[in-house]
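What follows is a short report on a single structure.
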Amino acid sequence: MPELPEVETLVQQLKRRLVGKKIVEVKIVNSKVVDNKIKKIVPVKVIGVRRRAKSIIIELEKGQFLLVHLRMSGHFHYIPKGKTIEADYQRFIVAEFKLSDGSILTHNSIRMFGSMKLVSKKHLDLALERLGPEPLSREFSLSQFKEMISRKKKANVKTVLLDQQFIAGIGNIYAQEALYHAGIDPRRKLGELSTLEVEKLYKEMRRVLVLAIKKKGTTIESYLHIEGVGGFQKHLAVYHCQKCPRGHRLKNLKLGGRSTYYCSKCQK
DNA sequence: CAATCGTCCTGCGGGC
DNA sequence: TGCCCGCAGGACGATT
């Protein structure tokens with residue numbers, strides 16, 4: 001489930017492999033996931049690659065952008081010139097991009113949930129305008145977080161962390177991890193959190209995200225980055241775990257329709 | 001205003 | 001053993 005750290009990892013890796021090259025050929029296998037219009041604009045040069053929330057933005061010449069959302073199971077595979085696509089990566093290909101240096105980028109998706117759209121600057125801005133702040137941006141201060149929390153007193157803390165309009169890029173893994181490390185029960189209402197707890201949540205949320213980026217994300221089930229598997233799954237405290245780091249048996253409940261692991265002893 | 005539900009999709013695990 | 005049901009998950013709109 002690519003969330004902020006997984007998408008950030010992919011963006012850094014894609015940037016190194018795509019920027020300055022041209023996409024010379026496109027093969028679209030699943031046009032429900034990948035916009036057919038991309039075929040009409042090749043050859044086209046890649047200007048930049050960046051991230052906003054869980055979206056990858058590939059900037060092309062002439063004010064065109066590829067807006068990519070991987071949802072749960074999307075990934076990329078890069079094949080240098082002269083190599084062939086390994087059998088593992090031939091499965092679930094939704095699109096293939098041939099680059100000007102002879103390399104190939106495949107976009108794969110198991111669940112076919114994601115999307116890759118060709119958009120103008122205007123449509124890009126429109127698609128991203130409702131997103132909340134980036135938790136790791138310099139502008140996202142503790143005082144801003146406190147102010148945001150004070151505006152939604154009745155909402156529960158875990159659901160709000162998953163709300164992309166509230167804060168952008170956090171998903172089911174990192175919401176649960178941040179809450180565990182902050183010692184906060186996921187069912188708590190925002191209005192009940194003490195100043196100290198809000199500060200702890202702010203700090204732990206950012207710490208967990210930074211560490212997860214350093215480890216190139218969490219590989220559980222299908223996530224892969226371009227160079228292999230992530231490493232953060234070794235650091236998970238609660239997500240998909242039986243016991244917390246202090247050895248307590250974890251509880252699981254549904255919150256906002258999502259499975260939620262937490263420790264009733266460590267999280268109050 | 002907050003929470004829940006349905007929708008999109010397919011691999012896989014559980015149960016019979 | 002084999003098959004079928006239902007769950008999982010992110011975003012978004014509609015509904016409660």
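Naming: A, B, ... by sequence-line order, numbering from 1 per chain. Note that this is a predicted model, so its numbers are computed, not measured.
Distances shown here put every side-chain N or O of A:Tyr174 at or beyond 4.0 Å from the OP1 or OP2 atom of C:dG10. Note on A:His69: a side-chain N or O is less than 4.0 Å away from OP1 or OP2 of C:dA11. An OP1 or OP2 oxygen of C:dA11 is reached within less than 4.0 angstrom by a side-chain nitrogen or oxygen of A:Lys54. Proximity of A:Lys189 to the phosphate of B:dA2: no side-chain N or O atom is located under 4.0 Å from OP1 or OP2.
A:Ile170 contributes atom CD1, which lies 5.0 Å from atom CE of A:Met205 (distance to the nearest 0.5 angstrom).
One interatomic measurement links the two molecules: CG of A:Asp163 to P of C:dA11, which rounds to 10 Å at whole-angstrom precision. Distance, A:His75 NE2 to B:dG11 C1': 14 Å, rounded to whole Å. Rounded to whole Å, the distance from CG on A:Leu253 to P on C:dA8 is 12 Å. Atom CZ in A:Arg187 sits roughly 18 Å away from atom C1' in B:dA2 (whole-Å rounding). Taking atom NZ of residue A:Lys254 and atom P of nucleotide C:dG10, one finds them 12 Å apart after rounding to whole Å. In this structure, the CD1 atom of A:Ile167 is 13 Å from the P atom of C:dA11, given to the nearest Å. With rounding to whole Å, A:Lys154 atom NZ is found 9 Å from B:dA2 atom C1'. Rounding to whole angstrom units, NZ of residue A:Lys158 and C1' of B:dA3 are separated by 14 Å.
Of all nucleotides listed (C:dA11, B:dA3, C:dG10), B:dA3 comes nearest to the side chain of A:Ala155. Comparing C:dG10, B:dA3, C:dG13 by their closest approach to the side chain of A:Arg130 singles out C:dG13.
Rotation axes derived from the C1' atoms of the five outermost pairs at either end of the helix from B:dA2-C:dT16 to B:dC16-C:dG2 lie 60° apart, to the nearest 10°.
Note on A:Ser109: nothing from the nucleic acid sits closer than 4.0 angstrom, heavy atoms only.
Applying the salt bridge (charged side-chain N to carboxylate O under 4.0 Å, His left out) definition to pairs two or more places apart or across chains, those involving residues 120-133 of chain A are A:Lys121-A:Asp125. Applying the ring pair (Phe, Tyr, Trp, His ring centres under 6.0 Å) test to pairs two or more places apart or on separate chains, those with a residue in residues 115-141 of chain A are A:Phe140-A:Phe145, A:Phe140-A:Tyr202.
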Would you please test A:Tyr174 and A:Phe232 for ring pair (Phe, Tyr, Trp, His ring centres under 6.0 Å) and show each step? CA-CA 11 Å; A:Tyr174 299 104; A:Phe232 193 75; 5.7 Å; yes
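A perpendicular orientation is assigned to the rings of A:Tyr89 and A:His75, their planes being inclined by more than 60° (bins at 30° and 60°).
Cluster annotation: A:Leu211 and A:Leu209 are assigned to the same hydrophobic cluster (Ile/Leu/Val/Met/Phe/Trp/Tyr, side-chain heavy-atom contacts under 4.5 Å, transitive).
One N or O on the side chain of A:Gln164 and one on the backbone of A:Gly169 form a donor-acceptor pair closer than 3.5 Å. Side chain of A:Arg249 to backbone of A:Lys251: no donor-acceptor contact under 3.5 angstrom is found. Not a single donor-acceptor pair under 3.5 Å links the side chain of A:Lys39 to the backbone N or O of A:Asp35.
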I'd like a list of close polar pairs between nucleotides 8-10 of chain B and the protein, N/O only, cut-off under 3.5 Å.
unit_1: B:dC9; atom_1: OP1; unit_2: A:Lys32; atom_2: NZ; d: 2.8
unit_1: B:dT10; atom_1: O2; unit_2: A:Arg111; atom_2: NE; d: 3.0

Can you pull every protein N or O that's under 3.5 Å from an N or O on nucleotides 5-7 of chain B?
none

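Looking at heavy atoms from C-beta onward, A:Gln13 lies in side-chain contact with A:Arg17 at the 4.5 angstrom threshold.
Residues forming a side chain to side chain contact (heavy atoms under 4.5 Å, CB included) with A:Ser194 (at least two apart in sequence, or on another chain): A:Leu196, A:Glu197.
Summarising the local packing, NZ of A:Lys83 is surrounded by 12 or fewer heavy atoms from other residues, nucleotides or ligands at distances under 6.0 Å.
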